Asks: 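Structure below; questions to follow.
Note that the structure is predicted; figures quoted are calculated from it, not measured. Side-chain atoms are counted along with the backbone in the values below, which use heavy atoms only and exclude waters and symmetry mates.
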Amino acid sequence: MKRVTVNVNQVGIVVKHNLAVRVLTQGKYWLGFGEKLESYDLSKPFHTSHDVDVLLQIEGFSAVVEVVDIADDELGLVFVNNNFNKVLASGRHVFWKGLQSYRIQIENISGIAISDTVSRQLLEKQTLAYYVRQYKIEAYEKGVLFVDGTFVKLLEAGTYYWWKNATSIAVSKVDVRVTTLEITGQEILTKDKAQLRINFSVQYQVNSIERALVENRDFEKQLYSSMQLVLRRYIGQMTLDELMENKVEISKYVIEATTDDADGLGVRLLTGGLKDIILPGDVREIMNQVLIAEKRAQANVIMRREETASTRSLLNTAKLMEENTMLFKLKEMEYVEKIAEKINSISVSGNGQIVDQLKQLFVK
């Protein structure tokens with residue numbers, strides 16, 4: 001015989017010939033011949049080398065443990081003293097009773113929807129993240145949800161959570177802000193066989209998420225291709241001179257011609273225009289020569305016009321002085337004044353006849 005003690009925070013299992021025979025709670029007991037005591041701490045997780053189903057057959061064992069069975073399509077959330085502790089996967093789980101308060105919240109995960117009984121704070125826990133799929137839609141985005149390849153609904157901005165299971169989930173997102181599409185390096189042959197390189201830019205905004213992401217594939221590539229074809233077709237019907245004179249009209253035509261195609265893609269075109277028209281080197285040199293010749297001709301015209309105006313003015317002045325002697329004298333005095341401004345010193349000689357000579361100059 002052997003006397004043993006089971007403390008308040010313990011449970012004892014009496015084993016004889018490697019078989020569990022009875023359960024002991026707090027107190028003092030005598031063990032018979034060949035019996036031994038296995039003590040378990042109630043504050044620690046349940047763990048034993050004995051088969052649980054066998055233990056449950058022993059009188060008193062079911063009173064000290066709580067058994068939870070989780071199905072294959074279920075998940076168990078364990079709360080210890082009302083605080084989240086861990087997640088239970090499918091299978092049988094055993095907890096000690098008495099020392100701590102356990103609460104098991106079982107959730108069905110056969111579908112993707114998460115019930116409101118699971119708070120968002122729990123979904124952010126690392127231990128639960130393995131069982132949850134998370135998708136985030138930014139404030140400037142919108143998305144669409146596909147379940148098993150089937151379109152389900154549109155998604156507004158926010159964070160979404162779904163259970164992780166055999167169901168296939170895909171989320172496609174699109175930026176709904178104003179976006180610029182660059183159509184660059186387009187080598188186009190004009191009507192008069194001039195080879196140009198065109199850069200075109202257009203601003204657009206997605207206004208139908210369903211058409212952009214569900215009804216069309218790669219709507220941006222389709223929009224690019226549509227505008228590229230219209231641009232090449234229109235410029236190919238123009239000569240180089242017409243192109244240079246109607247750059248604004250080209251932009252207007254391209255936008256109007258692709259509006260219907262863009263609407264079918266779920267896109268609204270805002271503005272657009274030609275950014276660059278790049279000419280081949282030899283054509284650019286010829287055009288520079290033409291421009292220089294035009295500017296020289298314009299300069300010659302201006303010079304001739306000014307010379308004519310100046311000559312006409314001199315002629316009118318001469319006629320006035322011929323008809324008015326006083327005006328002629330005033331003009332002489334004006335020139336004498338201008339000459340005097342450039343003379344530093346004047347030597348006067350003439351034996352007292354200077355005044356008479358000046359008088360003869362300015363008085364008739």
Side-chain angles (χ1 to χ4, degrees), residues 138-142 173-306 309:
E138 300 291 347
Y140 52 84
E141 294 177 326
K142 289 187 179 181
K173 302 184 291 185
V174 66
D175 195 324
V176 295
R177 295 176 293 183
V178 176
T179 306
T180 300
L181 177 64
E182 300 287 348
I183 304 174
T184 59
Q186 299 301 305
E187 295 189 356
I188 305 175
L189 198 64
T190 63
K191 187 177 180 180
D192 53 355
K193 310 304 179 185
Q195 187 173 5
L196 311 176
R197 192 160 71 248
I198 302 294
N199 293 332
F200 191 85
S201 177
V202 63
Q203 287 187 325
Y204 70 91
Q205 188 174 28
V206 176
N207 61 354
S208 175
I209 310 301
E210 190 170 350
R211 286 201 299 270
L213 297 180
V214 180
E215 298 178 7
N216 293 280
R217 179 181 178 182
D218 295 331
F219 73 94
E220 290 179 321
K221 292 183 178 179
Q222 293 192 51
L223 179 62
Y224 181 96
S225 178
S226 178
M227 301 200 72
Q228 180 190 47
L229 292 175
V230 172
L231 183 66
R232 298 178 72 88
R233 182 175 64 247
Y234 187 70
I235 292 180
Q237 298 173 354
M238 304 176 69
T239 64
L240 179 59
D241 292 338
E242 291 173 344
L243 174 64
M244 303 305 293
E245 293 174 1
N246 300 282
K247 290 188 290 185
V248 176
E249 295 298 326
I250 294 172
S251 304
K252 181 179 179 181
Y253 175 83
V254 173
I255 295 297
E256 292 178 352
T258 54
T259 296
D260 292 341
D261 292 342
D263 185 65
L265 296 171
V267 171
R268 179 169 61 94
L269 300 180
L270 302 176
T271 59
L274 280 173
K275 293 180 63 176
D276 303 296
I277 300 177
I278 304 173
L279 304 174
D282 52 348
V283 176
R284 185 164 56 247
E285 184 178 352
I286 292 173
M287 291 194 68
N288 289 336
Q289 293 176 359
V290 172
L291 179 62
I292 293 172
E294 289 179 351
K295 295 303 179 183
R296 284 177 177 173
Q298 292 177 4
N300 289 332
V301 171
I302 293 172
M303 290 176 61
R304 297 296 179 268
R305 185 168 58 246
E306 294 300 324

Asks: Taking Gln205 for the side chain and Val176 for the main chain, is one N or O donor matched with an acceptor at less than 3.5 Å?
Replies: yes
Asks: List the atom of Ser251, the atom of Gly273, and the distance in Å for their closest heavy-atom pair.
Replies: OG-CA, 3.1 Å
Asks: Do the side chain of Glu242 and the main chain of Thr239 share a donor and acceptor less than 3.5 angstrom apart?
Replies: yes
Asks: Drop me the distance from Glu182's CD to Tyr224's OH, to the nearest 0.5 angstrom.
Replies: 10.0 Å
Asks: Using atom types as modelled and distance alone, determine if a side-chain donor or acceptor of Thr179 lies under 3.5 Å from a backbone N or O of Arg177.
Replies: yes
Asks: In terms of ring plane angle, is the pair Tyr204 and Phe219 parallel, tilted or perpendicular, where the classes change at 30° and 60°?
Replies: perpendicular
Asks: Just how far is it from atom CG of Leu223 to atom CG of Leu181, taken to the nearest 0.5 Å?
Replies: 5.5 Å
Asks: In Å and rounded to the nearest 0.5 Å, what is the CD1 to OG1 distance from Ile255 to Thr271?
Replies: 7.0 Å
Asks: For Asn216 versus Gly264, what's the shortest heavy-atom pair and its separation?
Replies: ND2-O, 3.1 Å
Asks: Looking at side-chain heavy atoms only, is the closest gap between Leu274 and Asn199 below 4.5 Å?
Replies: no
Asks: Mind checking whether Asp263 and Leu269 have side chains closer than 4.5 Å, heavy atoms only?
Replies: no
Asks: Dump the intermediate steps for salt bridge (Lys or Arg N to Asp or Glu O under 4.0 Å) on Asp175 and Lys142, then the final yes or no.
Replies: CA-CA 7 Å; Asp175 195 324; Lys142 289 187 179 181; over 6 Å; no
Asks: Between Leu243 and Ile277, is any pair of side-chain heavy atoms under 4.5 Å apart?
Replies: yes
Asks: Less than 4.5 Å apart, any side-chain heavy atom of Val301 and any of Arg305?
Replies: yes
Asks: Atom CZ of Phe200 and atom CE of Met227: how far apart are they, to the nearest 0.5 Å?
Replies: 5.0 Å
Asks: So, the side chain of Ser226 versus the backbone of Gln222: is there a donor-acceptor pair under 3.5 Å, distance only?
Replies: no
Asks: Rounded to the nearest 0.5 Å, how far apart are CD of Glu245 and CG of Leu240?
Replies: 10.0 Å
Asks: Is there a side-chain contact between Glu215 and Leu265 (heavy atoms, below 4.5 Å)?
Replies: no
Asks: Whether the side chain of Asp276 engages the backbone of Ile198 through a donor-acceptor N/O pair (distance < 3.5 Å, no angle test) should be reported.
Replies: no
Asks: Kindly compute the distance separating CG (Asp218) from OG (Ser225), expressed to the nearest 0.5 Å.
Replies: 11.5 Å
Asks: Using only heavy-atom distances, determine whether the side chains of Arg197 and Gln186 contain a donor-acceptor pair under 3.5 Å.
Replies: no
Asks: Looking only at atom types and distance, does a side-chain atom of Thr180 sit under 3.5 Å from a main-chain N or O of Gln203, one as donor and one as acceptor?
Replies: no
Asks: Please confirm whether the backbone N or O of Met238 pairs with a side-chain atom of Asn246, one donor and one acceptor, at under 3.5 Å?
Replies: no
